[in-house]
Amino acid sequence: MEWTLAFAAVALLFVLISGANDGATLIGLGLRFPHSPGWAVTAILMATLLAGPYVLGVSVARTFTERLAGLGTSGGAMAFLAGVLVAVAVVAALTGRGLPTSLTLAVIGGITGAGLGAGLPVSWSSLGAVLAVGAGAPLAGLVLGYLLGVMSRRVPSCRRMPGLVLAAHLLAYTAQCVAYALNDGQKMVAVVSVAVGVGRDGLGAVGPVDVPPVWMAALTLLFLSGSMTSLNRVGERLGRGLVLTRPLHVVSAETAATAAVLSSSALGSPVSMTQSITAGVVGVASSEGARKVRWQGVLNMGAAWLLTLPSSMALGCLAGLGLRLL
């Protein structure tokens, strides 16, 4: 019973933090568009997240539970728990120092490090492939954002333009939410699935990814609660804190991030939606000149991303070693 409660508490905390990190970024960018209906922006994200595992599959969630380390053996669930806790701690520490970072990258490092320290087999080839795709997605978002920003300046103006751009925004935002549910959002599915499995089967190996609808509904509500806690802060970073956005900037950034994440999903590799969005926004803004980008904010986030993987992997390895000594 104690371990069931521990896994449930970690899952709850993880979903809340994911909401504060990812959900606030998605909703915040959606609301940067003038006259964007807040209820629609929120409802689209919640609906796609809720239906995602049942409509889009769980291939990315399985990467966290199967491809990084041998979690399907005895002690796999404990190593997974240690890796997730390390990821949360690393993200909290960096964010507390004003360096917002990628929770997805921290989870990858934490789980791999914990598996290594616990003596579980680690798939270095899979890890290399995941990291390569994860690094490529923001770069793709940056380039696509720049190209779309250049193209958006050539769109002719007309009387119906505000309505057309709003419709394009809602379409691009919906696609972005689908991309999140298909990829980055599945880290929460993996964590909740492991917690449900421990409650059902006890402590031991990590089983197949399976989240009952009632738990998925609870996950969605917790995610929304977490999103609301940091929406104003993230909105400030996406707007005045990072770049100056215009309506077509928002649409272009959403489209660039969506394309980058969806292409990664085809390979079953988790990538950070917040990284892809940030790269898309920077790419769009830089299309109007380097002075449009708040480079100090970009450098801060880049430094945090570079610190996240090695620190989470090292701490995860120490946590795994601790498990072996218990």
Side-chain angles (χ1 to χ4, degrees), residues 17-33 45 90-91 94-95 97-108 131 133-149 152 169 172-173 175-177 179-180 183-185 187 227 230-246 248-264 270-309:
I17 292 175
S18 296
N21 191 45
D22 302 340
T25 300
L26 286 162
I27 296 174
L29 182 60
L31 294 178
R32 291 298 300 172
F33 193 95
L45 177 58
V90 168
V91 170
L94 290 174
T95 302
R97 292 181 175 274
L99 298 172
T101 188
S102 166
L103 181 58
T104 302
L105 192 59
V107 172
I108 292 171
L131 293 179
V133 174
L139 292 177
L142 180 69
V143 173
L144 287 171
Y146 178 84
L147 294 175
L148 290 171
S152 68
H169 160 59
Y173 178 76
Q176 184 176 244
C177 291
Y180 180 76
N183 192 300
D184 198 16
K187 63 180 179 286
S227 302
S230 63
L231 184 59
N232 290 335
R233 173 180 58 82
V234 172
E236 177 75 14
R237 173 168 61 83
L238 285 172
R240 291 179 293 275
L242 183 60
V243 294
L244 300 176
T245 58
R246 298 177 182 176
L248 280 175
H249 281 175
V250 176
V251 176
S252 299
E254 289 170 335
T255 304
T258 299
V261 174
L262 283 178
S263 60
S264 303
V271 297
S272 171
M273 176 60 81
T274 55
Q275 285 183 329
S276 299
I277 289 175
T278 301
V281 171
V282 171
V284 171
S286 63
S287 70
E288 294 198 352
R291 292 184 179 181
K292 291 291 185 178
V293 180
R294 307 293 189 181
W295 290 110
Q296 186 58 53
V298 175
L299 291 175
N300 287 343
M301 283 183 283
W305 294 345
L306 291 175
L307 289 171
T308 298
L309 181 68

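Between Ala140 and Ala260, the closest heavy-atom pair is CB-CB, 4.2 Å. Between Lys187 and Leu103, the closest heavy-atom pair is CE-CD2, 3.9 Å. Across every non-hydrogen atom of Val284 and Gly149, the tightest pair is CG1-CA, 4.3 Å. Between Glu254 and Gln176, the shortest heavy-atom contact is CA-OE1, 3.6 Å. Minimum heavy-atom separation, Ala179 to Val261: O-CG1, 3.6 Å. Taking every heavy atom of both residues into account, Ala279 and Pro138 meet most closely at CB-O, 3.1 Å.
Between Thr104 and Val271, every side-chain heavy-atom pair lies at or beyond the 4.5 Å cut-off. The shortest side-chain heavy-atom distance between Asp184 and Asp22 falls under the 4.5 Å cut-off. Contact check for Thr308 versus Ser102: no side-chain heavy atoms found under the 4.5 Å cut-off.
Taken from CE in Met273 to OG in Ser264, the straight-line distance is 9.5 Å, to the nearest 0.5 Å. To the nearest 0.5 angstrom, Asn183 atom CG is 11.5 Å from Thr258 atom OG1. Going from atom CG of Leu26 over to atom OH of Tyr180 covers 6.5 Å, rounded to the nearest 0.5 Å. Atom OG of residue Ser272 and atom CD1 of residue Ile108 lie 9.0 Å apart, to the nearest 0.5 angstrom.
The backbone N or O of Gly19 lies less than 3.5 Å from a partner atom in the side chain of Ser227, making a donor-acceptor pair.
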